[in-house]
Structure formats: structure tokens, C-alpha cells
Amino acid sequence: MFNLILFGPPGSGKGTQSDKLVEKYGLIHLSTGNLLRQEIADKTPLGLEAKSFMDKGQLVPDEVVIGMVDSYFDHHKDTKGFLFDGFPRTVAQAEALDKLLKLKKTEIAAVLALEVSEEELVKRLLNRGKTSGRSDDTNEAVIRKRFAVYSNETTPVAEHYRKARKFQSVKGEGSVDHIFSSVCEAIDKKMRLPRV
Ligand code: ADP
């Protein structure tokens, strides 16, 4: 298996790049944000619990997210690999993911981080809020809260993978296609395959 983590703050373009990456590399897209929004739409108990955190810009508790990822894994056993988007978001989640992958005799190949300035991020999120129907993108206070959570709880995840020599930054500003080709270049180096 070839497992990747797409890392970066809210609004950095993980979802956009993920759609293109899963198509090119045949990976399964595992976005915890999308899975949680689906649970909310289905009005499941997990969704109801998650919604109260998400509406405030807080993280959903680790055990809820880890359990959800675990069960998603079990439903997608025969895959070439996963593209993790928006997960892991805490060091506890990263450690749980490492363990889960080890049990499946695989590991994370690379963590690619999209770098975007905060000014650009707020602009993108408020813009997305106009069309996405996501309530957490329309309120600037909730957006600021998500950045604070990102810097306090998610930034340490970068260090976790830096220590394992798996972390790499990619410039996340410019055209979607240009960013995509930088991301692909980093992946292909890891895969040691010639670029198509
Ligand atoms: P964004 O990165 O733009 O904030 P996401 O769709 O990744 O969007 O996440 C939306 C919300 O879902 C987060 O603010 C958080 O409340 C919740 N969430 C998503 N993934 C996780 C996770 N791995 N751990 C905890 N909470 C999560």
C-alpha cells in the first residue's frame, strides 16, 4: 500500500487537491471532515455528537474520529492505498493511525503540507462559505477559532512526522494545476516512478 497524508490548515486546498490525487493515483480518499458531515446528514448519533463541536470550530473528540477511521478502514481493505485529508489532526490521532497501519503491515509513505498565508486562507474560507452550505465557513469567529485549534493541536502533528523524516512542505498558493504538479512531483519522488 502507498499511504499519503495531505496536511495543511483549513482552506489550504486539501479537498481540491485530494480529488485530483485520488483520480491520478487510484487511492481511497479518507476525509474525516467529509465523513463527519455525512454522519450529520444521516442524523446518526455520531453525527449529532460531532455537530456540536464542528459548529463551534472545535475538534471532534479523538476517540470518535479514530473509531470512525478504523471502521472506514475495515470497509476498504483491498485498496492500493489511502489519501488522508484532515486526519490526523492531533498527536493522539497520529499515534493511533501509526498503530492501525502497523497492524495492517503498512505505514505512511509521506506527509505533504500545503503552505498558505493566513490572509489568503480567511479569504478562501469566506468565499467557500458563500456557496458550500457549510455553516462553519460563514462565520469569521468560527474560522479564527479553527486556526487557533490548528496552531495549538494540529501543528504538533507536523513535528511527529518530521521526526520520522516523512514531512515535506509544498507551496499552496498559485493555480490549482500548478500546486497539483508540485504535489505530484513530491509524490513521484517518493514512489520512485517517472512522472506521467
Ligand atoms: P477544514 O479543514 O476546512 O476546517 P474539515 O472538513 O477537514 O475542514 O473539518 C471540518 C470540521 O470537522 C473541523 O473543524 C472539526 O470540527 C471536524 N473534524 C474534521 N476532521 C477531524 C479530525 N481528524 N479530528 C477532529 N475533528 C475533526
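Numbers for residues simply follow the sequence, beginning at 1. Nothing here was measured: the structure is a model prediction, and the numbers come from that model. One-based numbering, in listed order, for ligands and for the atoms of each.
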Among [options], whose heavy atom sits nearest [atom]?
atom	options	value
atom 5 (P) of ligand 1	Arg89, Gln58, Arg146	Arg89
atom 3 (O) of ligand 1	Arg128, Lys14, Lys56, Met68	Arg128
atom 6 (O) of ligand 1	Glu153, Met54, Arg37	Arg37

For ligand 1, note which part of [X] has a heavy atom under 4.0 Å away: side chain, backbone, both or neither.
X	value
Leu36	side chain
Arg134	side chain
Leu59	both

Atoms in ligand 1 flagged as close to [X], the criterion being non-hydrogen separation under 4.0 Å:
X	value
Pro10	1 (P), 2 (O), 3 (O), 4 (O)
Gly86	20 (N), 21 (C), 22 (C), 23 (N)
Gln93	22 (C), 23 (N), 24 (N), 25 (C)

message = Is there a path of hydrophobic side-chain contacts, each under 4.5 Å between heavy atoms, that joins Val170 and Tyr150?
response = no
query = Cluster question for you: counting only ILVMFWY and a side-chain heavy-atom cut-off of under 4.5 Å, with indirect links fine, are Ile40 and Phe87 together?
reply = yes
ask   = Who's the nearest protein heavy-atom neighbour of atom 26 (N) of ligand 1, and how far?
value = Val60 N, 3.0 Å
message = To check your reading of the model: name the closest protein heavy atom to atom 20 (N) of ligand 1, its residue, and the distance in Å.
response = Thr32 OG1, 2.8 Å
ask   = Should the pair Arg146-Asp137 be classified as a salt bridge under the 4.0 Å nitrogen-to-oxygen rule?
value = yes
message = Does the Lys NZ or Arg CZ of Lys20 fall within the cation-pi geometry relative to Phe180 - under 6.0 Å from the ring centre and within 45° of the axis?
response = yes
query = If we only count heavy atoms from C-beta on, is the Lys171 to Ile179 side-chain gap below 4.5 Å?
reply = no
task = With sequence neighbours left out, write down each residue that passes side-chain hydrogen bond (donor to acceptor under 3.5 Å, both in side chains) with Thr44, or none if nothing qualifies.
result = Glu39
request  = Assert yes or no for the condition that the ring centre distance of Phe82 to Phe73 is strictly below 6.0 Å.
outcome  = yes
query = Which is it for Asn127 and Arg124 under the side chain to side chain donor-acceptor pair (under 3.5 Å) test, yes or no, and what are the steps along the way?
reply = CA-CA 5 Å; Asn127 241 329; Arg124 287 188 192 177; over 6 Å; no
